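Reading through the C-alpha cells given below for one structure.
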Amino acid sequence: MYYLKTRESFDSAHFLAGYAGKCANLHGHRWTLEVEIGGVQLTKSGPKRDMLLDFGDFKKVVRALADSYDHKLIYEEGSLKPATVAALQEEGFQMVVLPFRPTAENLAKHFYDLLKECGLDLYAVTVYETPENCAVYKEET
C-alpha cells in the first residue's frame, strides 16, 4: 500500500456553544489540515507514471478546502441569535455555518467527507487545533 500525505493551514475563529469552559468564548486557531491518501497501484503510464497522485494535484484540492475556511467565523447553526448573524453579515464578516458543533473531531469528519466527494482515495484526515492537539478521522475497514 502506498500513502501520500499533505498539509495546509488556515486561520479561523469558532466557539463551542453550550460548553462549560473557556472554549465557549469566541476564539481563533491556526488550524492545520493534514490529509493522507492511499492506494495499492501507481499510475502505469504517461507523465504521472509511477505516482499514486501528483502532489500538485493533491495539494490543489486540499488548499482549496483550507482556503474556503480561512479567516472566517465557523459556527454551529442555531448557536447565534439571528440578530447577531445579521449584524455580522451587515459588517461584512465571512462565516461558515455548520449543522454540527465545530470541534476538531467533527471538523476532521466533515473535511474527510468533503475531500471524499472530490474523488480522493482517503486514508485519514487530521485536524490540528493547536500544534500539539489534533483529531483524526478515518473510516473503519
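Only a predicted model underlies this, so the values are computations on that prediction, with no experimental measurement involved. FYI, the numbering just counts along the sequence from 1.
- Between atom CG of residue Asp121 and atom NZ of residue Lys116 there is a gap of 6.0 Å, rounded to the nearest 0.5 Å.
- Here the CD1-CG distance, from Ile74 to Leu107, works out to 5.5 Å after rounding to the nearest 0.5 Å.
- Leu26 is listed as a side-chain neighbour of Leu73, based on a closest heavy-atom distance under 4.5 Å.
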Inset, instruction - Apply side chain to side chain contact (heavy atoms under 4.5 Å, CB included) to the pair Lys48 and Asp57, showing each step before the final yes or no. - result: CA-CA 11 Å; Lys48 296 178 183 178; Asp57 296 338; 2.5 Å; yes
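- In the model, Trp31 has a side-chain atom that pairs as donor or acceptor with a side-chain atom of Ser12 under 3.5 Å.
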Considering only distance and modelled atom types, tabulate donor-acceptor pairs under 3.5 Å from the side chains of residues 75-102, sequence neighbours left out.
| unit_1 | atom_1 | unit_2 | atom_2 | d |
| --- | --- | --- | --- | --- |
| Ser79 | OG | Glu76 | O | 2.5 |
| Arg101 | NE | Ala17 | O | 3.3 |
| Arg101 | NH2 | Ala17 | O | 2.9 |

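- A salt bridge (charged side-chain N to carboxylate O under 4.0 Å, His left out) check over residues 8-30, counting only residues at least two apart or in different chains, returns the pairs Glu8-Lys59, Glu8-Arg63, Asp11-Arg30.
- Contacts of Glu36 classified as salt bridge (charged side-chain N to carboxylate O under 4.0 Å, His left out), with partners at least two apart in sequence or in another chain: none.
- Other residues, nucleotides and ligands contribute only 12 or fewer heavy atoms inside 6.0 Å of the NZ atom of Lys60.
- Scanning all heavy atoms of the two residues, the minimum distance from Ala124 to Val136 falls at CB-CG1, 4.2 Å.
- Taken from CG in Leu33 to OG1 in Thr126, the straight-line distance is 8.5 Å, to the nearest 0.5 Å.
- Grouped with Met51 in a hydrophobic cluster is no other residue, since no side-chain heavy-atom contact under 4.5 Å to another Ile, Leu, Val, Met, Phe, Trp or Tyr is found.
- The shortest side-chain heavy-atom distance between Leu115 and Leu65 falls under the 4.5 Å cut-off.
- In this structure, the side chain of His110 does not engage the main chain of Ala108 through any donor-acceptor pair within 3.5 Å.
- Inter-residue side-chain proximity for Leu42 and Arg49 is flagged as unmet; no heavy-atom pair is nearer than 4.5 Å.
- Judged by distance alone, with hydrogens and angles left aside, the side-chain atoms of Thr130 form a donor-acceptor pair with the main-chain N or O of Glu132 at under 3.5 Å.
- Under a cut-off of 6.0 angstrom, the local environment of OH in Tyr3 is crowded, with over 12 non-hydrogen atoms contributed by other residues, nucleotides or ligands.
- By the ring-ring contact (aromatic ring centres under 6.0 Å, His included) test, Tyr112 is found to be paired with Tyr137, residues two or more places apart in sequence or in another chain being considered.
- Going from atom NE2 of His14 over to atom OH of Tyr69 covers 13.5 Å, rounded to the nearest 0.5 Å.
- Residues Ile37 and Tyr123 fail the side-chain proximity criterion, which asks for heavy atoms closer than 4.5 Å.
- Gly38 and Met1 get closest at one heavy-atom pair: C-CE, 4.0 Å.
- The closest side-chain heavy-atom distance from Phe15 to Asn25 is not below 4.5 Å.
- Rounded to the nearest 0.5 Å, atoms OG (Ser68) and CZ (Phe111) are 7.0 Å apart.
- Residue Lys72 holds its NZ atom at 10.5 Å from CZ of Phe10, rounded to the nearest 0.5 Å.
- Remark: side-chain polar atoms of Lys109 are not paired, donor with acceptor, to backbone N or O of Glu105 under 3.5 angstrom.
- Looking at heavy atoms from C-beta onward, Asn133 lies out of side-chain contact with Tyr128 at the 4.5 angstrom threshold.
- Membership of the apolar cluster around Tyr19 extends to Leu16, as traced through chained side-chain contacts below 4.5 Å between ILVMFWY residues.
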